[in-house]
Amino acid sequence: MADLLSQFLFIFTSPDFYAAVLRLTTPILLVAMGSIFCERAGIMNIAIEGFMLMGAMTAVVVTYYLGSPWLGALGAMLAAMVLSILFAVFVVIIGTDHIVTAVALNVLSLGATSLIFRRIFGAMSTTPEITGLPIWRIPLLGDLPVLGNILFNQSPLVYLAFLSVPIANFFMFRTKWGLNIRAVGETPRAADTVGLNVYRIRFYTILVSGLVAGLAGAFLSIGQTTIFQEGMTAGRGYIAYTAIVFGKWNPLGALAGAVIFGFADALQLRIQALGMGIPYQFALMIPYIFTILAIVFAVGRVSWSAAYGQPYRRVERSVD
Amino acid sequence: MGEMLRLDNITKSFPGVLANDHISLDVQEGEILALLGENGAGKTTLMNCLYGQLKPDAGQIYWRGRPVEISDSRTAVALGIGMVHQHFMLVPVLTVVENVSLGLASTRGLLLDLEHIETRLNALSQEFGLEVDPRATVWHLPVGAQQRVEILKALYREIQLLILDEPTAVLTPKEVNDLFAVLRRLSARGMSVILITHKLEEVMAISDRVTVLRDGRVVGTVKTGGTTPHELARLMVGREVVFDVHKPPLKPGKTVLEVQNLKAVGERGTLALNNISFSLCEGEILGIAGVDGNGQRELEEALCGLRRIREGQIFLHGQEVSHCKPDQLHQLGLAHIPSDRLDRAVAAKMTVEENMIASHISKPPYSKRGILNLKAIRQFAQRSIREFNIQTPSPRAAVTTLSGGNQQRVVLASALGHQPRVLIAAQPTRGLDVGLTQQVYERLVQERSRGAAILLISTELQEIFRLSDRIAVMYRGELMGIAPVEKTNVDQIGMMMAGVRLEQWRDSLP
C-alpha cells in the first residue's frame, strides 16, 4: 500500500508527467475547439472520430511522399474536410439523422484508412520511415526551470490547441458570427425568419470541424509519433465530444473536459510504464471510465435545446 | 391615403389541400386590416406567402403598386414587412438586444455592437410604449413582454406593415388593450397592420376593415363600422351560428374530486403548482381559466397521474389517489382529454380502433388474461365511429390520415366511451372549427347532465363562461379565486388572470 502510494507520488511530482498531460490533451482539445461551433449550430457531430482517423492516415502518407510533415498536416486537414463535406451534405442538405450518419462515416473511415494504408505500404510490420512534426522550444520561456520543459518545449500543435481556446471563446461570444451560430442552433426557425441562412451556417461549421479534426489526427500520427495504426484514434473523437458536452458547449468548459481526459490518459500510460502491479487492461480503461463519469455527472445539468441534433426543414405545412 | 399592399389571386396548395384559392386583398396606408377565419381557413398560409416563408403557386404581390417577388423573409423585411408569428421567433437563451441584432449588419464589422442597438431600442420602446428590459434574457420574460420584443424587432427594422398572427391568444384582457393601444399608435404614424384572428370581438374593437376567409377563399371584405359580429360569424362559418349552449340548471351531487394544497414542480425546476385547492361535484363543470403557461398543463398532468406531486393530496370518491398511476385512475372512473392532441392524446401512426381502446385495454371484454378480444374492440370502435360521427375510411385507418377535427373526435370517443365519472377536459376545442366546437360543448353538457364531474381547463374565456358552473383562475401556479359563473364577469376574471386575487378585488370594490 505504502509502495503504491509512493509510486503515485512519484508520478505526480514528475514534470514529465505534466508535459505528457499537455501532449495528450492536445488532440482532444483541438478536435473539441474545431467541433464546438457546429455543435452550437445544432449539429450533433460524433463523426469527428472518423475525420480524425482520416487525418491521421493521410498525414503519414503525404509526409512519406512529399517529405514534409507540414504538407502532411495540410493534407490531413484537406482529407478530413472532404469527409466532413460528405457528412454535411447528408445531415444538412438531405436531412439525415446525425448519429446514424456519423456512425456510418466512422465505420467507413475505419475501413478506408486501413485499406488505403495497406494498399500503399503493404501489410508489412515495419512502418515507413518519416520525419514527424518538430518540437518548438520557445526562446527564453523554454529555459525556465521546471515550467519551461512542461509548457514551452512542445510541438507547435500543442501551443495551437491551447491558444485556440481563447480564440474560440472570443469568436463565439463577441462576434456577429458567433451569435448567428448560437441562434441557428438554438432556434433555427427564428434564425431563418431574420434572414440567417441556417443551411449555410451549419454546412460551414461542419467543414471547420473537419479541417481541425484532420489536424488533430495528424498530431496523433506525425506529432506524437511517426506511425499510423488501424483505429489509432481509439475513441478520442468521442472523448472530445464528451468534453464539449461536459463543458456545456462553452470553449472554456470544453478545455476543462479535455484536460481531465488528457490527465487520465497520461496517468494510465504511467501506470502501465511503471507496472505497479495493476494489469495493463485496467490502466487502459482509465480514460474511458473518466468519460463515463464525466457524462454521468455532467448530463444531469445539461440542457439540450429542442433543435439540437435535429435536421432543419424550411418548408413545412403550416397549421393555422 | 394610398395603397400599401395588394395581393392578387394568390394560390397555394399542399399535397391534398388547396390552402389558398385565388386570394385577393389590399391594405391601405395607416389601416388596420383584420384577416378573419376559422382554424384551417388559410390565414397563416397566406401570411407566410407574404412574408417569404412559403412560395405561392400562382398570383402576384404588389408593394406600393409595384409587382414584387418575396423569396425569403429577408426580402420581406427589406421591403418593409414585419411579422409577429403565433409562436414567437425569438431565441430564448439570448438577451432582448441580441435577438434584435440577429441578421442585422453590425456597425463594427464582425464585432457585435450591442450598445448601439440598445440605445436605439430604448428610444423605440419609449416612442411606442413598448416597455421591455433590453438586457433581459428572453426566456425569463413573460409572454406579453416577449410579444413586445417581437414587435420591437420588427420596428427596429423600420417596417411599414406589421402582420400579427393570433397575437391575443397568450395575453390577459388588459394586455390585449395595451397591445391595441400600440397598434393604434402605429396606424396613427401611417404604418399598416394586418391582424390575423378568429375572435370576432377583437375584429370589432380594433380593425378598420375585415377580410374574411373560409376554406382558403375570400368570402367577403367589409368595413368594420358597417358590419356586426353576427354577420361576420355567418361569413366566417358559412351558415347561421347559434352561440348559446342550452345548459339545464345545476344539480350538484356529492363531491367526487377533492384537491388539497397541491404543489408540483415544473420543467424548469420551479414551483409550477402552488397550494391548489378545490373540489368538484357530480353534475358540475368547473372551469379553470388563465393565460396559457400559468400551470394549467402541470395541473392537468398532476390530476391525471402524469406528474409527481410534491405536497398536498388528491381524493377521488373519498379515496386518496395522490400518487396513483394513470391506469389506476382510469379504473376509478377518471377520463382525460389531453391538451396536446398529437403529443399526448393519440398515437398518430396507430389505427383509429387501437387509439380508441388504448386506455380501456386491460378491462373486459376487450381483453382477457392479456389476450385481446378483437371482436369486442371492433364493435366498440364501430359504435363510437357512428356515435361521434367520425369521418374515417375504416376503424383500421391510421389516425394520422384523419383531419384534426376527426382526430379530436377519436380522443373524445376514447375518453367518453365508458361513461367516466370524472372528466379532465384540457383545451378540448383547441384547433377545432366553430361547428365541431359546438358539438363538443353539447357533448360536455350532456355528460354533465348524466352526472359526470367535469374539470374544464381552457384558455378561451368565452368557452369557460359558456360551459362552467364555477370559474377558477390560475396565475403563476396559484388559484386566484373561485367564483360561481352567475356572480362574476369578464372584467373580474380578467383581473384575476393578471394576478389579482378574488379577495383583493372584493376589497377594492366601493
Side-chain angles (χ1 to χ4, degrees), chain A residues 36-37 39-42 166-202 204-205 208 248-250 253 299-308 310 312-320, chain B residues 14-17 19 37-49 51-55 72-78 83 85-94 98-106 108-114 138 150 153 157 165-166 196 198 213 267-268 404 431:
Chain A
I36 204 161
F37 295 101
E39 287 285 333
R40 273 281 182 149
I167 295 172
N169 202 59
F170 180 82
F171 196 83
M172 188 80 85
F173 297 108
R174 291 276 182 275
T175 69
K176 204 70 213 157
W177 288 350
L179 184 65
N180 291 352
I181 287 170
R182 287 185 283 143
V184 161
E186 196 67 40
T187 329
R189 199 162 302 280
D192 196 3
T193 58
V194 292
L196 299 180
N197 190 329
V198 178
Y199 301 106
R200 190 185 299 159
I201 289 174
R202 289 188 166 180
Y204 285 149
T205 50
V208 170
K248 290 187 186 173
W249 288 269
N250 285 325
V299 161
R301 34 185 195 97
V302 161
S303 55
W304 315 66
S305 93
Y308 180 65
Q310 298 300 313
Y312 178 64
R313 287 190 186 84
R314 183 164 195 186
V315 181
E316 273 170 34
R317 169 80 171 94
S318 62
V319 182
D320 55 358
Chain B
F14 296 103
V17 198
E38 293 204 73
N39 293 302
K43 302 172 303 237
T44 301
T45 303
L46 182 69
M47 288 305 110
N48 278 335
C49 286
Y51 194 57
Q53 302 268 197
L54 291 170
K55 193 175 157 16
D72 55 23
S73 321
R74 177 162 274 197
T75 318
V77 172
M83 180 157 175
H85 290 77
Q86 192 174 1
H87 303 285
F88 300 146
M89 292 296 169
L90 295 171
V91 185
V93 296
L94 299 183
E98 285 174 330
N99 265 287
V100 171
S101 85
L102 277 177
L104 295 173
S106 168
R108 292 170 65 204
L110 188 56
L111 299 180
L112 290 171
D113 59 344
L114 297 179
V138 163
E150 279 283 38
K153 206 170 101 184
R157 288 161 170 76
D165 190 356
E166 301 278 2
I196 305 178
H198 66 274
L213 293 191
E267 305 304 331
R268 282 171 184 156

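Sequence lines set the chain letters: A, B, ... in the order given, protein chains first and strands last, and positions in each chain run from 1. Just so you know, these numbers use all the heavy atoms, side chains as well, and skip hydrogens, waters and symmetry mates.
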Checklist outcome for this item: Value for CG (B:Asn99) from OG1 (A:Thr187), rounded to nearest 0.5 Å, stands at 7.5 Å
Checklist entry - Between A:Thr193 and B:Gln53, does a side-chain contact (heavy atoms from CB on, under 4.5 Å) hold up when you go through it step by step? => result CA-CA 8 Å; A:Thr193 58; B:Gln53 302 268 197; 2.9 Å; yes
Item to check | Interchain contact, B:Ser101 with chain A, by part (heavy-atom threshold 4.5 Å) | outcome: both
Next on the checklist: Taking side chain as everything from C-beta outward and backbone as N, CA, C, O, which of these in A:Phe170 sits under 4.5 Å from a heavy atom of chain B? Side chain, backbone, both or neither.
Outcome noted: side chain
Checklist entry - Relative to chain A, which segment of B:Arg108 carries a heavy atom at a distance below 4.5 Å: side chain, backbone, both, or neither? => result neither
Next on the checklist: If I take atom CG from residue B:Leu102 and atom NZ from residue A:Lys176, how far apart are they, to the nearest 0.5 angstrom?
Outcome noted: 6.5 Å
Checklist entry - Who wins among B:Met83, B:His87, B:Met89 for the most heavy-atom pairs under 4.5 Å with chain A? => result B:Met89
Next on the checklist: Does any backbone or side-chain atom of B:Lys55 lie under 4.5 Å from a heavy atom of chain A? Answer side chain, backbone, both or neither.
Outcome noted: neither
Item to check | Closest non-hydrogen atom pair between A:Val194 and B:Arg74, with its separation | outcome: O-NH2, 4.1 Å
Checklist outcome for this item: Rounding to 0.5 Å, atoms CZ (A:Arg174) and CG (B:Leu114) come to a distance of 9.5 Å
Next on the checklist: Does atom CZ (A:Phe171) have a neighbourhood of more than 12 heavy atoms from anything else shown, all under 6.0 Å?
Outcome noted: yes
Checklist entry - What is the distance from atom CG of A:Leu179 to atom CD of B:Glu98, rounded to the nearest 0.5 Å? => result 5.5 Å
Next on the checklist: What part of B:Leu94 gets within 4.5 angstrom of chain A, counting heavy atoms only: side chain, backbone, both, or neither?
Outcome noted: side chain
Next on the checklist: Could you report the tightest heavy-atom contact between A:Phe173 and B:Leu112, atom names first, then the distance?
Outcome noted: O-CD1, 3.9 Å
Next on the checklist: Under 4.5 Å from any heavy atom of chain A, what part of B:Tyr51 do you find: side chain, backbone, both or neither?
Outcome noted: side chain
Checklist entry - Relative to chain B, which of A:Ala191, A:Gly178, A:Ala183 shows the most heavy atom pairs under 4.5 Å? => result A:Ala183
Checklist entry - Relative to chain A, which segment of B:His85 carries a heavy atom at a distance below 4.5 Å: side chain, backbone, both, or neither? => result side chain
